[in-house]
Amino acid sequence: MRVIVGAAPRGVEGARPGGDLLCVVRALLKKIRRRVLVGDRVLVGAVDWAGGRGVIEGVFERRAEVADPPVANVDRLVLLFALDQPQPEPATLTRFLVDAESTGIPFVLVFNKVELVDDKTISYWRDRMKSWGYDPLFLSVDQKSGLSALEETLEGQTTVIVGPSGVGKSSLINALRSNQNISEEDPIHKLVEQNSKWFGEQRVGTVSKKSGKGKHTTRHVSLLPIAGGGFLADTPGFNQPSLMKVTKKGLAETFPEIRKMLAENEPSKCLFNDCVHLGERGCVVKGDWERYPYYLQLLDEIKIRESFQLRTFGTKREGDVRYKTGVMGVKQAEPRLQLKKHRRVSRKKINQSILDDIDDELDEDNWFDVKQRSRKR
């Protein structure tokens with residue numbers, strides 16, 4: 001993994017903030033299943049500053065995390081879709097919006113490729129998204145128009161751009177980074193001068209003429225530094241977010257339409273506290289809105305998943321990691337040992353088992369002697 005140096009010891013040749021190190025992950029982190037994600041703040045040891053290598057020994061606590069794609073410490077999400085080539089699909093768009101809402105991270109919905117459609121189509125999608133509860137941005141990466149509204153959110157923040165394949169994520173990142181004037185005082189200026197592949201332009205693919213969908217061009221998550229201390233994350237395109245962190249009870253909160261209906265009916269609420277808004281008696285949420293069928297479909301999907309998890313894992317599941325407070329009050333993770341497999345058996349227990357075996361053997365010998373005597377008689 002490539003790690004950007006945030007703090008380095010003084011007086012050591014080659015040690016400077018803003019540089020990068022190629023690191024491997026310590027075996028202990030793998031043993032305790034502490035996954036290192038793109039965007040993590042990590043502690044690096046055994047550093048070879050001359051060779052630019054090191055070992056990731058610890059991971060600091062994350063303030064935010066995105067599951068699809070796996071990125072840590074995210075400040076903002078950009079949901080990018082295209083108005084054409086490929087055309088937006090309401091079901092896919094809903095899944096991305098629900099996934100973004102579930103993270104609790106601020107996000108903005110953006111539609112690209114406005115140059116491929118007329119003003120009527122743009123107005124249609126603007127009005128439709130407002131009925132959903134969103135105010136999207138419209139831009140053209142190809143013509144580099146409408147980018148200024150996004151540039152204001154980049155400085156000093158880690159922004160993740162997600163969306164289906166072919167909508168122009170890598171092209172948008174290239175366009176945004178080309179507008180950044182990196183000064184010579186900026187710590188990343190030297191790395192840019194070295195023409196590192198890590199700082200070069202992202203590969204851009206084309207849309208399939210047969211299916212009308214994008215091709216998978218980006219294969220992995222990349223965290224790309226920009227001027228002002230911010231980062232942009234380019235991620236592989238995918239059409240089906242897993243929604244693994246969305247629960248049956250929390251799904252309704254990810255739909256602005258339901259939140260609006262609940263707010264309009266205050267102080268009255270649904271009759272039952274565990275209402276999932278399926279038209280139950282006393283439910284204040286009606287079904288006369290566009291995305292209600294998508295809500296029902298996602299609710300069924302989550303119910304099936306939670307039922308499977310309950311049968312497989314049960315309700316109680318002890319973690320395999322425990323935390324110990326070390327020097328300076330820093331919490332350190334270590335694997336939780338399983339008593340039956342790892343704890344040594346006490347000497348008292350071993351001695352007692354030996355005595356029990358001896359007694360069993362004596363009983364068998366006595367039984368054999370009695371049987372032999374009965375035969376002789």
Side-chain angles (χ1 to χ4, degrees), residues 30 33-40 59 62-82 86 88-110 132-134 158-167 169-170 211 213-223 232-258 276-277 291-315 317 319-321:
K30 299 179 181 179
R33 299 177 184 177
R34 191 68 181 271
R35 188 181 179 188
V36 183
L37 301 180
V38 173
D40 269 326
V59 182
R62 297 164 183 156
R63 65 175 183 272
E65 180 180 343
V66 180
D68 293 322
V71 184
N73 300 319
V74 179
D75 298 311
R76 186 174 298 275
L77 294 174
V78 174
L79 271 63
L80 186 64
F81 280 76
E89 298 178 357
T92 303
L93 183 55
T94 296
R95 290 187 71 95
F96 274 94
L97 288 170
V98 168
D99 190 53
E101 292 271 9
S102 67
T103 63
I105 300 173
F107 69 92
V108 58
L109 176 61
V110 180
W132 290 12
Y134 301 101
T158 299
T159 304
V160 177
I161 301 179
V162 297
S165 299
V167 297
K169 295 187 298 297
S170 298
S211 64
K213 297 183 178 181
K215 301 177 182 179
H216 297 293
T217 305
T218 304
R219 303 295 182 182
H220 58 277
V221 181
S222 302
L223 201 62
L232 281 175
D234 189 16
T235 63
F238 52 93
N239 296 325
Q240 294 293 330
S242 64
L243 305 182
M244 291 300 295
K245 292 190 175 182
V246 183
T247 63
K248 179 179 63 176
K249 294 182 179 180
L251 178 62
E253 290 296 321
T254 63
F255 282 82
E257 302 95 323
I258 297 181
V276 291
H277 314 300
R291 293 202 295 167
Y292 189 59
Y294 299 136
Y295 169 76
L296 298 179
Q297 181 180 354
L298 294 178
L299 186 62
D300 288 340
E301 177 184 327
I302 294 172
K303 283 182 177 180
I304 294 173
R305 187 198 70 210
E306 289 184 348
S307 176
F308 174 78
Q309 291 174 340
L310 183 63
R311 293 196 307 268
T312 306
F313 304 111
T315 56
R317 191 180 182 186
D320 52 2
V321 178

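Because the structure is a prediction, the values reported are computed rather than measured.
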Residues in salt bridge (charged side-chain N to carboxylate O under 4.0 Å, His left out) contact with E253, at least two apart in sequence or another chain: none

Check: V78 and V162 side chains under 4.5 Å, non-hydrogen atoms: no

K245 side, atom NZ; T103 side, atom OG1 - distance, nearest 0.5 Å: 9.0 Å

Any side-chain heavy-atom pair of L93 and L109 under 4.5 Å: yes

Non-hydrogen atoms of P86 and G166 that approach each other most closely: CD-O, 3.6 Å

T94 side chain to P90 backbone, donor-acceptor under 3.5 Å: yes

Ring pair (Phe, Tyr, Trp, His ring centres under 6.0 Å) against Y295, all qualifying residues, sequence neighbours excluded: F255

Closest non-hydrogen atom pair, V167 against A82: CG1-N, 3.7 Å

Donor-acceptor under 3.5 Å (D40 side chain, A72 main chain): no

Salt-bridge contact E306-R311 (side-chain N to carboxylate O under 4.0 Å): no

P241 backbone acceptor or donor facing R95 side chain under 3.5 Å: yes

Nearest-0.5 Å distance, CG of residue L298 to NZ of residue K303: 12.5 Å

Contacts of P70 that satisfy side chain to side chain contact (heavy atoms under 4.5 Å, CB included) - sequence neighbours left out: R35, L37

Pairwise distance CD1(I161) to OG(S170) - rounded to 0.5 angstrom: 8.5 Å

Y292 OH to Q297 CD distance, which is reported to the nearest 0.5 Å: 13.5 Å

Residue pair V160 / V71, side-chain heavy-atom distance below 4.5 Å: yes

Nearest atoms (heavy-atom pairs only) where P256 meets G133: CB-CA, 4.1 Å

Test item: E89 and P164 side chains (from C-beta on) under 4.5 Å apart, heavy atoms: no

Minimum side-chain heavy-atom gap V246-I302 below 4.5 Å: yes

Distance-minimising heavy-atom pair for D99 and S102: O-OG, 2.7 Å

Heavy-atom donor-acceptor pair, S307 side chain to I304 backbone, under 3.5 Å: no

L299 and V276: CA distance, side-chain angles, deciding distance, side chain to side chain contact (heavy atoms under 4.5 Å, CB included) verdict: CA-CA 9 Å; L299 186 62; V276 291; 4.2 Å; yes

Point-to-point distance, once rounded to the nearest 0.5 Å, from CZ of R305 to OG of S242: 8.0 Å

With R291 via salt bridge (charged side-chain N to carboxylate O under 4.0 Å, His left out) - residues at least two apart: E257

Atom pair CD1 (I258) and CG (L251), whose distance is rounded to the nearest 0.5 Å: 7.0 Å

L77 side chain near V66 side chain, heavy-atom distance below 4.5 Å: yes

Note, Y134 side chain near F107 side chain (heavy atom, < 4.5 Å): yes

Residues forming a salt bridge (charged side-chain N to carboxylate O under 4.0 Å, His left out) with E65, sequence neighbours excluded: R62

Residues forming a salt bridge (charged side-chain N to carboxylate O under 4.0 Å, His left out) with R63, sequence neighbours excluded: D75

